[in-house]
Structures are given as C-alpha cells and as structure tokens.
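Let me begin by presenting the structure, written as structure tokens, before commenting on it.
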Amino acid sequence: MPLKFKKLPLCFYNNDTEKVARELLGKKLVRVLNNKRLSGIIVETEAYLGSTDQACHSRNGIKTKRNASMYLPGGHAYVYFIYGMYFCLNAVTKSSKNAEAVLIRAIEPVEGIELMRKFKNSSKQDLHLTNGPGKLAQSLMIDKTLDGESLKGNNLFIEETGITYKKNEIIKTSRIGISKTNEACDWQLRFYVKDCPYVSKK
DNA sequence: TTATTGATTGACT
DNA sequence: GTCAATCAATAAA
C-alpha cells in the first residue's frame, strides 16, 4: 500500500493531546462518500484538554448527550452542533478517562473539490470551502451521523502524507471563539501553518 | 418554566 | 465595524 493512502494508527491518537494537535498539521483528512474521496491537508487545529480546560465541552468531567463521543477511546470522531447551524469535527485523543480532543479548524482542499463546491453551494473562491471548522464540515458532508465513528473506519479518517513542518513554520496562539470571561481563553492551544492562505484567521 | 450563551459564519452598515 | 440565524446546554426564576 502506497504511503499516500496510509491511515494513521490508533497509537497516533493515544498520545498527549497538544502533541497530537501539532502533529496533525500536514496530515490528510479524508471523507469517503459514494466511493468518492473528498480530502485536504490539515493546516489548523486546536487542542481541548478535558476536565481541567474550562473552554472544553467536557470541563469538570461533565458528560452530556452532545459530548458523549469525547469519552470514547482515542481515534474516534467527535462531531457536535454549534450556534444552531454548524457542525465541528474533532479527533478524540487518549483514553476515555479525561475526554480530550483536537478540533480540526481548517484544511487545504486536495481531492473532490468539485463536490465540496456543490455541497457548500457557494459561489465564492475555493479558499472559502474549508478555511473554518463549520465550513469544512459543510463542504465534506460531515454531520451528526459521523459522531462517534472510528477514524479507522471507511467513511472518515486521517492519512499519513510524509509532510512535516519545522518548528518555525508552525504558529502557536490562543484559541478562537473563547469568551474573554473564560479562564482558559488565553491558553496557547491553537496551531496553524505559517503563511498558509487556508487557515481561518491570522 | 424562561433567558442566555456558544469551539461560527455570512450578510450588511 | 454590527448583527441575525437557530438549537443544545446551562443558568436563572
């Protein structure tokens, strides 16, 4: 099997969440629909650190119907509905004890761009298909039906690419969309590829 | 029970 | 820059 079609092993996800978030940059997110591949290179992620992280859905160990997938073992998908209209995709990491995950915020489209355009129904430039968590979910047809799915399955997974970034090519900042009143609003858990036009915000 | 908030986006002043 | 869309979770009453 050629390198470009290699799914990441479970041990990749069963690791320190911040490390997984950083190492997901350059990997390829793949969505398979009707035997067609929609994919893109991950260029922006954020880590969410479970019970101790007040910006995380599983803060203080709370478990609801919405965030139940965060308590699955590493290597599963957590897809949640936000602001009444968008879905966001996360990769669950580590054990089920502390419900940690990595939010995939932006990808650079590679395969199936025509279909992405169709699903998103947008007349704008392709840049806007996947440069944000809600947008990429829309373009790749990611919704609640994928919540809790294994990333070793056939519908949604992440592949090795051979792409690696040097330390000075990765920017580390505070997370997007966290309220200023949240004690975790300044935690440096967002990672993105420097000078990449496909990230959601600079 | 009702009111407010939120890991967002797009349209508009 | 402001603001509406629209719903699950949470807080307030």
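Sequence lines set the chain letters: A, B, ... in the order given, protein chains first and strands last, and positions in each chain run from 1. Computed from a prediction, not measured in an experiment: that's the story for all the values here.
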Rounded to whole Å, how long is the line connecting atom CG of A:Leu49 with atom C1' of B:dA7? 13 Å
For residues 18-25 of chain A, run the donor-acceptor check on the side chains, cut-off 3.5 Å, and write out each pair with its distance to 0.1 Å, sequence neighbours left out.
residue : atom : partner  : partner atom : Å
A:Glu18 : OE2  : A:Lys172 : NZ           : 3.2
A:Lys19 : NZ   : A:Glu23  : OE2          : 3.2

In terms of side-chain geometry, is the basic nitrogen of A:Glu111 or A:Lys28 positioned less than 4.0 Å from the acidic oxygen of its partner? yes
Whole angstrom is fine here: how far is it from CG in A:Asn182 over to P in B:dG6? 8 Å
Can you check the distance between C:dA8 and B:dG10, where both ends of the measurement are the C1' atom (answer in whole Å)? 22 Å
Quick one: salt bridge (charged side-chain N to carboxylate O under 4.0 Å, His left out) pairs with a partner in residues 190-202 of chain A, sequence neighbours left out? A:Glu44-A:Arg190
Let me know the distance between CE of A:Met85 and C1' of B:dG10, rounded to the nearest Å. 9 Å
Heavy atoms only, 4.0 Å cut-off, all strands: where does A:Gly134 land among base, sugar-phosphate and nothing? sugar-phosphate
Can you check the A:His57 NE2 to B:dA7 P distance for me, whole Å? 5 Å
Just call it for A:Asn90: base, sugar-phosphate, or nothing, with non-hydrogen atoms closer than 4.0 Å on any strand. base
One thing to verify: whether A:Arg59 and A:Glu183 come together as a salt bridge, which I'm taking to mean a side-chain N less than 4.0 angstrom from a carboxylate O. no
Nearest-Å distance for atom pair CG/C1', residues A:Leu136 and B:dT9: 13 Å
Rounded to whole angstroms, how far apart are CG on A:Asp53 and P on B:dG6? 14 Å
Ignoring hydrogens and angles, state whether a donor on the side chain of A:Asn60 or A:Gln54 is under 3.5 Å from an acceptor on the partner side chain. yes
Structure string for DNA chain B in dot-bracket form, Watson-Crick and G-U at under 3.5 Å, | interchain: ||||||.|||||.
Roughly how many Å is it from CZ in A:Arg190 to C1' in B:dA7, rounded to a whole number? 12 Å
Pairs: protein N or O with nucleotides 2-5 of chain B N or O, under 3.5 Å:
none

Look at all strands and tell whether A:Arg175 reaches a base, only sugar-phosphate, or nothing, counting heavy atoms closer than 4.0 Å. nothing
Can you give each donor-acceptor pair under 3.5 Å made by side-chain atoms of residues 73-84 of chain A, sequence neighbours left out, with the distance rounded to 0.1 Å?
residue : atom : partner : partner atom : Å
A:His76 : ND1  : A:Pro73 : O            : 3.0
A:Tyr78 : OH   : A:His57 : ND1          : 2.8

Please check if atom NZ in A:Lys36 has more than 12 non-hydrogen atoms from other residues, nucleotides or ligands closer than 6.0 Å. no
Counting heavy atoms from C-beta on, name the nucleotide in B:dA11, B:dA7, B:dT8 closest to the side chain of A:Ile176. B:dT8
Salt bridge present between A:Lys94 and A:Glu100 (N-O < 4.0 angstrom): yes
Between which nucleotides of DNA chain C, read 5' to 3', does contact with chain A run, using atoms under 4.0 Å from its heavy atoms? C:dA5 to C:dT10
According to a hydrophobic-cluster definition based on side-chain heavy atoms being under 4.5 Å apart (Ile, Leu, Val, Met, Phe, Trp, Tyr only), do A:Tyr48 and A:Phe87 belong together? no
I'd like to know whether CG of A:Asp16 has more than 12 heavy-atom contacts from other residues, nucleotides or ligands below 6.0 angstrom. yes
When we call it a touch if two heavy atoms are under 4.0 Å apart, what does A:Lys201 touch: a base, just sugar-phosphate, or nothing? nothing
Pi stacking test for A:Tyr83 and B:dT8: under 5.5 Å apart, planes under 30°: yes
Which of these, A:Asn98, A:Asn15, A:Thr17, A:Asn14, sits in a side chain to side chain donor-acceptor pair (under 3.5 Å) with A:Thr93? A:Thr17
What nucleic acid atoms does A:Phe81 come within less than 4.0 Å of, heavy atoms only: base, sugar-phosphate, or nothing? sugar-phosphate
Looking at A:Glu46 and A:Arg105, does any basic side-chain N land under 4.0 Å from a carboxylate oxygen? yes
P gap between B:dT4 and C:dC3, integer Å: 16 Å
Mind calculating the distance between CG (A:Leu89) and P (B:dT9) to the nearest angstrom? 13 Å
